[in-house]
Protein chains: 2
Amino acid sequence: MQIESLKISYFTVYRLSTYLRVLSKLDRSRVGTITSVEIGEMTCTPDTQVRKDLAYFGQFGKSGTGYDVKKLKRKISEILGTRKIWHVALIGVGSLGRALLAYPGFKERGFYFVAAFDIDKKKIGKQFNKIIVQDMRYLEKEIKEKKIKIGTIAVPASNAQQITNRFVDAGVECIFNFAPIRLKVMKKIRVRNIDLASEIALFSFYLKNKSW
Amino acid sequence: MQIESLKISYFTVYRLSTYLRVLSKLDRSRVGTITSVEIGEMTCTPDTQVRKDLAYFGQFGKSGTGYDVKKLKRKISEILGTRKIWHVALIGVGSLGRALLAYPGFKERGFYFVAAFDIDKKKIGKQFNKIIVQDMRYLEKEIKEKKIKIGTIAVPASNAQQITNRFVDAGVECIFNFAPIRLKVMKKIRVRNIDLASEIALFSFYLKNKSW
DNA sequence: GTATGTGAAGTAATTCACAGCT
DNA sequence: AGCTGTGAATTACTTCACATAC
């Protein structure tokens, strides 16, 4: 599938991923069709939003009936690009890094960690979830050889920018950043920040002010 | 500080947290004032956005000069409620749960895990980061006794809704959810979902379509 | 001159309302 | 009748432009 140059928002892509997940859980037991209202209920999304998100990419539904579950699942997979295998690198094999290596949700969607690095000499050579931790000096070599386009940063903030620069120079286009710092990159590089402390800070604000 | 009933968006609160972080790093070495342009550069936010975010809560700056670093830092802390200690519960002491227990960013902001639970009998009684894993049956008791308002869910999707219900019944008001499922809760309960698989799905979409 | 604070303007995202298909 | 697909309306968020303060 080739998407017209229509601009798709981050929000839409994210929701598509949640639709795909609930469809995947359905597929076995359920046959036939599903409506946008049902998808909406399962994902806490208004049905009109579900339809609009899908409509950006074509007309997959049947008026009066809904969407064919199997077909829709395949379509969303295609749109998201999750029918392909993606190679991912990890920098920082601390407790968070190891949790990411072990996270089953990535493999399910076709994202495979194929290289892990750490500056800690004691960790180098050790194996976690079948990935052997390597010395940082091989970063560029591995990224190029394994055609890695997605890099994951799970190191303290102080080292994150430098690793980002090395990632980008080596050909990484997408960065999954768990370090609490906003990385400076060219516009064409995608960065997703998971800032756990800022996320939890929303709660103290809410508990204090009962608003947001 | 009491905030007028002006509606503050999630985006504003989140950004305030990032401003606070860069201010905290400055405080030692730097004296005096900082401008919205400087804060903006450090957090990848337009300066006009920085000023607008701050202006929701009062007039902390000085025209022609900027903001007093120490004072601004204190103000944002007050706004976010991070000058207080918040008790947090964790359900699910798998690799992700343990990474959360070990994450230093929470304590820095005043969020302390004070109870952890797991269904795995082998984990119960074990200690991680000074927290002893307890049997799930003590969930309600601990939440009430320790006045826990923030609960963290790091279990598979299949158990997440049931735990949510127990959380809410016991008095939890904010839920930090790492399970890949949209939890159903009353409107007054705050939920922040960290859906790692959906986040990474954005990358395959981008790599495939070079857009979002 | 320099930087804040803010109403007004602009942009983006969501929701409504309904025409049209099955 | 039931449900999709979509332009129009709405709401939310961001950026601009500039009056005001130091």
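All values below come from the heavy atoms of this structure, side chains included, with hydrogens, waters and symmetry mates left out. Quick note on labels: first sequence line is chain A, next is B, and so on, each numbered from 1.
Tested against Ile175(B), the residues Ile150(B), Val168(B), Thr152(B) include a single side chain to side chain contact (heavy atoms under 4.5 Å, CB included) partner, Val168(B).
Taking only side-chain nitrogens and oxygens, Arg15(A) comes nearer than 4.0 Å to OP1 or OP2 of dT14(C). For dA13(C), neither phosphate oxygen OP1 nor OP2 lies less than 4.0 angstrom from any side-chain nitrogen or oxygen of Lys7(A). Close to dG5(D), at under 4.0 Å from its OP1 or OP2, lies a side-chain N or O of Tyr67(A). Contact annotation: Ser36(A) side-chain N/O to dC3(D) OP1/OP2 distance is not under 4.0 Å. Between Arg51(B) and dT4(C) there is a side-chain polar atom (N or O) within less than 4.0 angstrom of OP1 or OP2. Dashed line: the shortest gap from a side-chain N or O of Tyr14(A) to OP1 or OP2 of dA13(C) is not under 4.0 Å.
When the C1' atom of dA12(C) is taken as reference, atom CD of Gln49(B) falls 13 Å away, rounded to whole Å. The interatomic distance linking Phe11(B) (CZ) with dA12(D) (C1') rounds to 9 Å, in whole Å. Distance Glu38(B) CD to dT4(C) C1': 14 Å, rounded to the nearest Å. What separates CG of Leu54(B) from P of dT14(D) is a distance of 14 Å, to the nearest Å. Here dT4(D) presents its P atom at 13 Å from NZ of Lys71(A), a figure rounded to the nearest Å. Remark: C1' of dT6(D) and CZ of Phe60(A) are 15 Å apart, rounded to the nearest angstrom. Going from atom CD1 of Ile8(B) over to atom P of dT14(D) covers 12 Å, rounded to whole Å. Rounded to whole Å, atom C1' of dT4(D) lies 10 Å from atom CG of Asp47(A).
Lys62(B) contributes no side-chain N or O that forms a donor-acceptor pair with the base of dG5(C) under 3.5 Å. If you check distances only, the side chain of Thr48(B) does reach the base of dC16(D) with a donor-acceptor pair under 3.5 Å.
Comparing Thr65(A) and Gln59(A) by the nucleotide of DNA chain D whose heavy atom lies nearest to each, the residue mapping closer to the 5' end is Thr65(A). Where Ser63(A) and Lys52(A) each meet DNA chain C at their nearest nucleotide, the meeting point lying more 5' is that of Lys52(A).
For Ser9(A), counting side-chain heavy atoms from C-beta on, the closest listed nucleotide (dA3(C), dA13(C), dG5(D)) is dA13(C).
In this structure, Ile119(B) places its CD1 atom where only 12 or fewer heavy-atom neighbours from other residues, nucleotides or ligands lie under 6.0 Å away. Lys62(B) NZ: 12 or fewer foreign heavy atoms inside a 6.0 Å radius.
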* Walk me through it: do Tyr67(A) and Lys75(A) pass the test side-chain contact (heavy atoms from CB on, under 4.5 Å)? => CA-CA 11 Å; Tyr67(A) 301 87; Lys75(A) 279 287 179 193; over 6 Å; no

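Among the atoms of the strands shown, none is found under 4.0 Å from any heavy atom of Thr12(A).
Looking at Glu173(B) and Lys188(B), no side-chain N of the basic residue comes within less than 4.0 Å of a carboxylate O on the acidic one, giving no salt bridge.
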